[in-house]
Every structure is written in structure tokens, then in C-alpha cells.
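From a predicted model like this one, the values you see are computed outputs, not experimental measurements. Labels below follow one simple rule: chain letters A, B, ... track the order of the sequence lines, proteins then strands, and each chain is numbered from 1.
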There are 2 protein chains.
Amino acid sequence: MSPAPHNPNISVDCVVFGFDQDELKVLLIEQTRGPKEKVVIQYALPGDLLFKNEGLDDAAERVLYDLASLKGIYLKQFHTFGDIDRLHAAKDQEWLQTFREDPKARVITVAYYSLVKMDEYEPQAASFAGKAEWVNIEEVPSLAFDHDAILSMGLERLREELETKNIGFELLPKKFTLSQLQRLYEIILAKKLDKRNFRKKLKNMSAIKPLSEKQKGVLHKPAQLFTYKDD
Amino acid sequence: MSPAPHNPNISVDCVVFGFDQDELKVLLIEQTRGPKEKVVIQYALPGDLLFKNEGLDDAAERVLYDLASLKGIYLKQFHTFGDIDRLHAAKDQEWLQTFREDPKARVITVAYYSLVKMDEYEPQAASFAGKAEWVNIEEVPSLAFDHDAILSMGLERLREELETKNIGFELLPKKFTLSQLQRLYEIILAKKLDKRNFRKKLKNMSAIKPLSEKQKGVLHKPAQLFTYKDD
DNA sequence: GTACTTAGTGTACTAAATACACTAATTAAT
DNA sequence: ATTAATTAGTGTATTTAGTACACTAAGTAC
């Protein structure tokens with residue numbers, strides 16, 4: 001063990017969840033490489049090195065804004081990853097050399113997870129970064145560095161929070177139907193829920209209130225729209 | 001906002017809990033200063049800067065071993081504190097100058113909480129550090145830097161874990177009575193529990209098993225001793 | 001107006017949490 | 001040996017939360 005302290009780089013990485021079309025998605029940055037800048041070599045979580053006069057939460061907000069034009073969204077720190085070799089998987093060596101001065105430099109990353117109302121925000125790639133892309137959680141490829149582990153812990157935390165706190169609405173439009181909310185729970189928790197029991201529980205929690213408005217443009221009985229009470 | 005990354009120092013700080021004599025205690029390092037090294041100026045959580053070839057968890061283990069001779073104990077990362085000015089409260093300026101080269105240097109700290117069987121380990125101060133001392137959680141003075149906030153979040157997490165996971169035994173001797181376990185819950189959660197309901201719940205969880213041994217040397221009916229099953 | 005689709009609703013059963021009071025075993029003092 | 005003091009140990013009834021389950025209602029497309 002080395003007897004001297006040192007000064008690693010610090011980054012933040014964000015696991016950004018969205019829900020759309022009955023699918024749980026995560027926002028990934030496409031890292032391209034090659035002569036024509038066309039060959040996709042891998043995907044990574046949105047992240048960046050910490051700036052000098054910036055708090056950790058600030059950095060996470062900045063990352064989401066710069067890389068995906070996301071602003072004012074639910075954001076929560078969940079774990080810090082600091083293994084010595086977390087950047088140095090064989091698959092990442094080549095890529096590291098194209099982007100960083102010193103591929104051996106140590107980087108400790110503080111991970112956040114984040115919930116986005118996909119109807120309100122359409123991520124746009126900043127020009128300097130790779131393209132930001134929503135990827136179905138079921139179809140996420142192997143990611144750069146230890147981002148697989150980060151994503152997987154982020155997903156675990158999302159599930160925990162969803163079962164204990166009322167955060168489901170952070171992933172839905174302001175106005176939503178009870179069936180939408182239920183599908184969200186079913187998909188994230190990967191289990192079927194009973195419609196009547198689900199609604200009974202919601203009623204007891206009284207966290208939502210009905211609007212005087214109904215669903216439109218559907219080819220079946222239109223559902224009552226609800227919204228969250230902030231009380 | 002500064003447009004350049006930088007390399008702050010990284011430290012780990014540990015919120016170490018112990019339980020003894022019906023009191024929840026936390027391990028603090030006494031920081032002394034002055035001509036005779038006798039004037040106590042403040043207490044701090046055990047912590048140290050991260051070494052070069054050391055993972056975060058390793059650093060936390062090292063800190064506990066070096067500062068308190070604690071080894072092989074329950075240890076869990078819970079939050080990373082990175083405010084720009086977290087070291088720079090007015091009360092800390094003087095002290096910083098005596099210990100660190102640059103009192104303006106930024107330090108980001110990864111916080112752990114830790115559970116200790118106090119009967120097995122008696123902390124001993126390493127010579128180079130301040131004295132390690134168990135302090136009743138109710139009597140903790142204002143700590144150095146932002147350690148008040150770290151302690152307070154650590155305590156919050158201890159309470160959450162105690163209600164959801166079976167971690168109570170980490171704070172008790174290997175052999176314990178049900179009343180001891182109940183008092184531990186009562187004191188940490190700061191609420192009274194019903195004896196019969198508490199025992200009923202334990203029975204259902206079947207996480208403990210009775211030993212063929214009874215409490216000794218008490219001036220009342222001796223209680224059955226139990227131990228945790230690891231199964 | 002018929003077929004299709006999803007919305008919306010109540011009741012009976014089961015499991016978990018709560019409220020509650022007395023007897024048993026030991027020590028210390030007399 | 002008896003008594004006082006102290007904590008250990010035990011069961012039942014009630015309330016609350018969770019589960020299982022099936023039909024009618026409101027709209028669209030044809």
C-alpha cells in the first residue's frame with residue numbers, strides 16, 4: 001500500500017431514466033471513433049470531470065444540461081465508484097488513448113440517478129460530445145469502463161425508491177392515467193400488479209388527484225387524467 | 001463556473017457506531033492543539049486522505065484500523081460530500097493551518113458508516129493521531145468541518161437499515177438476550193417497542209437461534225442467550 | 001349496431017401489526 | 001426462610017394492510 005496521498009480526477013456520471021411507450025429507457029452517450037467518425041465503438045453514461053469551483057450536485061446538473069439539454073430534473077447521488085482500475089478494462093484502453101492525455105490516470109466517479117419526464121424533454125446532443133440516445137433498458141449493450149456496474153446499481157436504487165417513495169410521477173407527464181402509472185410500476189419492478197389493489201393503495205396514499213379532464217384520441221373508453229399533489 | 005477540471009484531494013470519513021450500556025455511541029477523534037498539546041479544540045470523525053493504490057473501501061478499512069485498531073467490521077459507503085467550502089467553516093481555519101500545507105485545498109470525502117461490537121474491540125489511539133473516543137450520540141459536540149452533517153446522515157442511514165435489514169446484531173456481542181436486542185432497537189429508533197410483538201416478529205424472521213446457555217451474574221431472572229444464524 | 005379495446009369498480013380472505021397483563025426465576029436483605 | 005425487587009417470558013383478540021378475483025362502462029372502427 002502506498003504511503004502517500006494523491007489527487008485523482010473526479011467525475012460525475014448520471015444514470016438517467018425515462019419512461020415512454022411502455023418502456024424503461026436510459027440515456028446513453030454514443031462514443032464514436034475511426035477515420036470517418038462513424039464507427040460506433042461504445043456507449044457510456046453521460047458524465048464529465050468535475051470543475052474547480054463546482055459542487056458535485058452542480059456538476060451532475062451541468063452534465064445533464066450540456067450533454068442532453070436536461071434541466072431542473074430529479075437528481076440524486078447514489079454511490080461513488082473508486083476502484084483503482086475502474087477505467088482500465090481491456091476494451092477501454094484504445095478509446096482512452098484517443099480522449100485523455102494519460103490513460104493510466106485514476107478517476108473516481110460520483111454516480112447520480114435521475115428521472116426524466118420524456119414528454120417534456122427531448123435530449124439533444126451537444127456538438128462537442130457524442131450523440132445522446134434513449135436506449136431501452138433491456139437492450140443496453142456493454143458499456144465503457146465500469147458503467148455497466150454503475151447502471152446496474154442505479155437501476156437497483158430506482159427500484160428501491162419506487163417501492164418506498166412516491167417517485168413514479170417523475171417519469172410520467174404531468175397528466176397521466178392510472179393505467180400508465182401502473183404500467184410504469186409493472187415494468188420497472190418487473191412484476192404484474194392487480195389493477196384494483198393498485199388503485200386502492202393509491203387512494204390510501206392520496207398522493208394524486210383527478211383532473212376534470214379525460215384522455216383523448218384513444219380508440220377505447222377514455223381514462224380519467226390525474227396529476228400529483230405536491231401538498 | 002470554471003471551465004477546467006481539477007484534482008481535489010479525496011478522503012474517507014467513517015461514522016462508527018457502537019452500542020454499550022444502553023447507549024448508542026459514535027467514535028470520535030479528539031484533535032488537540034496548543035503549546036502543551038493539551039487544549040482540546042475539537043472532535044472529528046475518523047478519516048484520512050486516500051492513498052494512491054488504494055480503493056475507497058480499502059481506505060475506509062485502513063482508517064479504522066490505524067485510528068482505532070478496528071478490523072473486519074461492518075462497513076458501508078453511504079454518501080460523498082463535495083461542497084466547495086466544506087472544509088472552510090470559520091471554526092476550522094486555525095486548525096487547518098496547523099495540519100495541512102494548504103488550508104484552501106479542496107477535499108472531497110466519501111463517507112462510510114460502520115457497526116462495531118464494542119465488547120470485542122476497544123479502540124486504541126494510534127500514536128500519530130488524536131485519541132479515539134466513544135461518545136454518546138446524545139452528547140456529541142459540534143464537530144470539525146462538515147462532520148456534523150456527515151454524522152447526521154450516517155445516523156439517518158443506520159435507522160433506515162435497522163428497519164429494513166437485520167443489522168442489529170452487528171452492534172451486539174455474539175451472545176445476547178432478546179431484551180438487549182430490543183433496547184438496541186428502541187434506542188436507535190427512539191421509540192418504545194412492545195416486548196411480545198417484538199419477539200413474535202423475530203420468531204417469524206428466524207434470524208436468531210437460542211443457545212443452551214443463560215445470562216449470568218444478574219440480579220434477577222436470567223435471560224436466555226441467543227445468537228445470529230448466518231444461514 | 002356489432003366487435004373491439006381499455007377503464008373502472010367491490011367484496012371476501014389472508015397475513016401482518018398492534019394492544020394489552022400476568023406468572024416465573026433469580027438476587028439481596030432481613 | 002421469607003420477602004422485596006427486578007427483569008424474563010408468554011398468548012389472544014383486534015385492527016390494519018395486502019391479496020385474489022370478474023364483470024360492466026365508454027369510447028372507436030367498421
One pair to check against salt bridge (charged side-chain N to carboxylate O under 4.0 Å, His left out): B:K191 and B:E186. What are the steps and the verdict? CA-CA 5 Å; B:K191 64 180 177 194; B:E186 288 181 334; over 6 Å; no
Kindly calculate the angle separating the two end axes of the helix from C:dG1-D:dC30 to C:dT30-D:dA1, each obtained from five base pairs, and round it to 10 degrees.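 So the angle between the two local helix axes works out to 10°.
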Cation-pi check, A:K76 onto A:Y113 ring (under 6.0 Å, within 45° of axis): no
Candidate pair A:E61 and A:K71, rule salt bridge (charged side-chain N to carboxylate O under 4.0 Å, His left out), full reasoning: CA-CA 7 Å; A:E61 271 181 42; A:K71 210 171 158 181; over 6 Å; no
Is a salt bridge present between A:E163 and A:K201, judged by a nitrogen-to-oxygen distance below 4.0 Å? no
Between A:K165 and A:E160 (salt bridge meaning N to carboxylate O under 4.0 Å), is one present in this structure?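 Result for this pair is no, no salt bridge flagged.
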Does B:D148 reach the main-chain N or O of B:L143 with its side chain, forming a donor-acceptor pair under 3.5 Å? yes
Sub-3.5 Å pairs of nitrogen or oxygen atoms, protein against nucleotides 7-11 of chain D:
from: D:dA8; atom 1: OP1; to: B:S179; atom 2: OG; distance (Å): 2.9
from: D:dA8; atom 1: OP2; to: B:S179; atom 2: OG; distance (Å): 2.8
from: D:dA8; atom 1: N7; to: B:K195; atom 2: NZ; distance (Å): 3.4
from: D:dG9; atom 1: OP1; to: B:Q224; atom 2: N; distance (Å): 2.7
from: D:dG9; atom 1: OP2; to: B:R199; atom 2: NH1; distance (Å): 3.4
from: D:dG9; atom 1: N7; to: B:K195; atom 2: NZ; distance (Å): 2.6
from: D:dG11; atom 1: O6; to: B:R196; atom 2: NE; distance (Å): 3.4

Atom NZ of A:K191 and atom P of D:dG18: how far apart are they, to the nearest Å?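 The distance from NZ of A:K191 to P of D:dG18 comes to 11 Å, rounded to the nearest Å.
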Please report the distance, rounded to the nearest Å, between CG in A:L193 and P in D:dC21.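 Going from CG in A:L193 over to P in D:dC21 covers 15 Å.
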Quick one: do the B:N166 and B:Y228 side chains pair a donor with an acceptor below 3.5 Å?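 There is no such pair between these side chains.
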Taking the six-membered ring for Trp and the single ring otherwise, decide whether the centroids of A:F145 and A:F81 are under 6.0 Å apart. no
